[in-house]
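Counting starts at 1 for both ligands and their atoms, following the listed order. The first residue of the sequence shown is numbered 1, and numbering continues consecutively from there.
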Amino acid sequence: MEPGFDFGMIGIGVMGSNLLLNMADHGFAVIGFDLKQERADKLEAAAKKGQVVKGTTRVEEMVASLKKPRKIMMLVPAGKPVDSVIENLLPHLEKDDIVIDGGNSHYKDTIQRINYLQNKGIHFFGMGVSGGELGARLGPSMMPGGDKEAYQYLKPILEAIAAKADGEPCVAYMGNNAAGHYVKMVHNGIEYAMMQMISEVYDLLHRGGGLTNQALHSIFKKWNEGQLHSYLIEITAEVFKTQDDETEDPSDFLIDHILDQAGSKGTGKWTSQDAMDLPVAIPTIDMAVAMRDLSVYKEQRVRAAKLYNSSVNKIEITQNDLGHLENALAFCFAIAYAQGLSMLAKASDELNMNIPLPDVIKVWKAGCIIRSALLGNFTEAFRKDPKLPNLLLDDEIAELLKNREESIRQVLEIGIKSKIPMAGMMSALSYYDAYLSDRMPTNLIQAQRDFFGAHTYQRIDKKGVFHTEWYVEGE
Ligand code: 6PG
């Protein structure tokens, strides 16, 4: 076959096909490889008249039909499948070809793959792709990282198919090495935190306040029109109005039939693990991971509920409370973004990835799961200081948070009184309170460390490292 295709895809399930069809909509000639003939046929059948879309079950055919430098993306499950695809591809590739891993791979695996392929003259890109199946078709948010020069070849295609926010494409070069997968990992950490805190508000309104699904739908729908405007609030409103089609009863909603055990594929956990290695504090993301983990212990929770005869204290939710909840959630979302972005700021330096924070905001503004109106407030903060170590240090963000501080305290009081666990939101407020403390109680921790382990401490009034022979009663 003549090399006339612009882009090749390995793995043409729904995501892979949708990305290719999106490219075809923008005039690119695309080819997809899959071991399953029916997938190759389905891809071709989905093309519109005049578009150049081909499916094949022969990887060598796909590679041979691509223009050079070849641009090949793989969308296969993270882990071993990525390595085996690379090995199958390698014999057919040439120097300067570009291979993109568009899955949720661990960034450390991506670093190894970059190094491995660099020796063979191949450019390997780790690229976070967010927005699910629909996003892939209509405009995803994409976070590519790797060799900057090679990115120039990808840029026109990726910019054409990306979601657009304020007329700008939601794709940008995220930095060298595995920066793309790193940014996507942190995106997912923030996603976990936002989802956790939305679920806490749901719990307070539903189990605590006794609100119906219809009422919840209206509240979230209204919130989505204001400061909380975001993809996650939007889909939450939709969830509450979805009826259960297993029953005839129109008042039976699907949400009430879903088992309360959260799944996870690991990206939230990786964010927490890596934050602790850096180290950087992202307690709200940690708590979101922990709460998903706790949810899995359903049997123990049922036993404990019986043992403690526990029940929530019913509360009445007023219009005023709803206003506080809306503000509190906006406060907590901002804190979750602040934690994730502070992690990126630190990792950018520590891991030499050179992540452009203003571009991260741009890329997250549309197409991805954590897109929200709040992100609009951060553009200016990073324009003023592209290396801002923490959003909380920006004066406009400070105003945004201060204006909502009273609300988060009110909401948590209600949570505590009604016995609704609000661990994510509490962690957000505690992070805020700690970050704003010019003196933390860690002087005591230093004293204790020195007491039992002679770990030494520093003083505030003179330089040096000190140790004290602490008095032990009775010795
Ligand atoms: C996205 C999502 C996507 C995936 C999550 C789910 O940006 O489109 O983040 O990548 O839905 O990885 O993660 P869990 O299964 O761990 O919740």
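For D394, the salt bridge (charged side-chain N to carboxylate O under 4.0 Å, His left out) test picks out K384, with sequence neighbours left out.
For residues 202-221, the pairs satisfying salt bridge (Lys or Arg N to Asp or Glu O under 4.0 Å) are D203-R207, with sequence neighbours left out. The salt bridge (Lys or Arg N to Asp or Glu O under 4.0 Å) pairs that include a residue from residues 168-181 are E168-K362, where partners are two or more places apart or lie in different chains.
One finds no salt bridge joining D6 and K71 here, because no Lys/Arg side-chain nitrogen approaches an Asp/Glu carboxylate oxygen to under 4.0 Å.
Counting only N and O atoms by type, the side chains of Y182 and D274 include a donor and acceptor under 3.5 Å apart.
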Note down each nitrogen or oxygen pair, ligand 1 side and protein side, whose separation is under 3.5 Å; give only atom names and the distance to 0.1 Å.
{"residue": "ligand 1", "atom": "7 (O)", "partner": "S130", "partner atom": "OG", "Å": "2.4"}
{"residue": "ligand 1", "atom": "7 (O)", "partner": "K184", "partner atom": "NZ", "Å": "3.2"}
{"residue": "ligand 1", "atom": "8 (O)", "partner": "S130", "partner atom": "OG", "Å": "3.4"}
{"residue": "ligand 1", "atom": "8 (O)", "partner": "G131", "partner atom": "N", "Å": "3.1"}
{"residue": "ligand 1", "atom": "9 (O)", "partner": "K184", "partner atom": "NZ", "Å": "3.4"}
{"residue": "ligand 1", "atom": "9 (O)", "partner": "N188", "partner atom": "OD1", "Å": "3.1"}
{"residue": "ligand 1", "atom": "9 (O)", "partner": "N188", "partner atom": "ND2", "Å": "3.3"}
{"residue": "ligand 1", "atom": "9 (O)", "partner": "E191", "partner atom": "OE1", "Å": "2.6"}
{"residue": "ligand 1", "atom": "9 (O)", "partner": "E191", "partner atom": "OE2", "Å": "3.2"}
{"residue": "ligand 1", "atom": "10 (O)", "partner": "N104", "partner atom": "ND2", "Å": "2.9"}
{"residue": "ligand 1", "atom": "10 (O)", "partner": "K184", "partner atom": "NZ", "Å": "2.8"}
{"residue": "ligand 1", "atom": "12 (O)", "partner": "N104", "partner atom": "ND2", "Å": "3.2"}
{"residue": "ligand 1", "atom": "12 (O)", "partner": "N188", "partner atom": "ND2", "Å": "3.1"}
{"residue": "ligand 1", "atom": "15 (O)", "partner": "K265", "partner atom": "N", "Å": "3.4"}
{"residue": "ligand 1", "atom": "15 (O)", "partner": "K265", "partner atom": "NZ", "Å": "3.1"}
{"residue": "ligand 1", "atom": "16 (O)", "partner": "Y192", "partner atom": "OH", "Å": "2.5"}
{"residue": "ligand 1", "atom": "16 (O)", "partner": "K265", "partner atom": "N", "Å": "2.7"}
{"residue": "ligand 1", "atom": "17 (O)", "partner": "R292", "partner atom": "NH1", "Å": "2.8"}

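Between S65 and I31, the shortest heavy-atom distance links the atoms OG-CD1, 3.4 Å.
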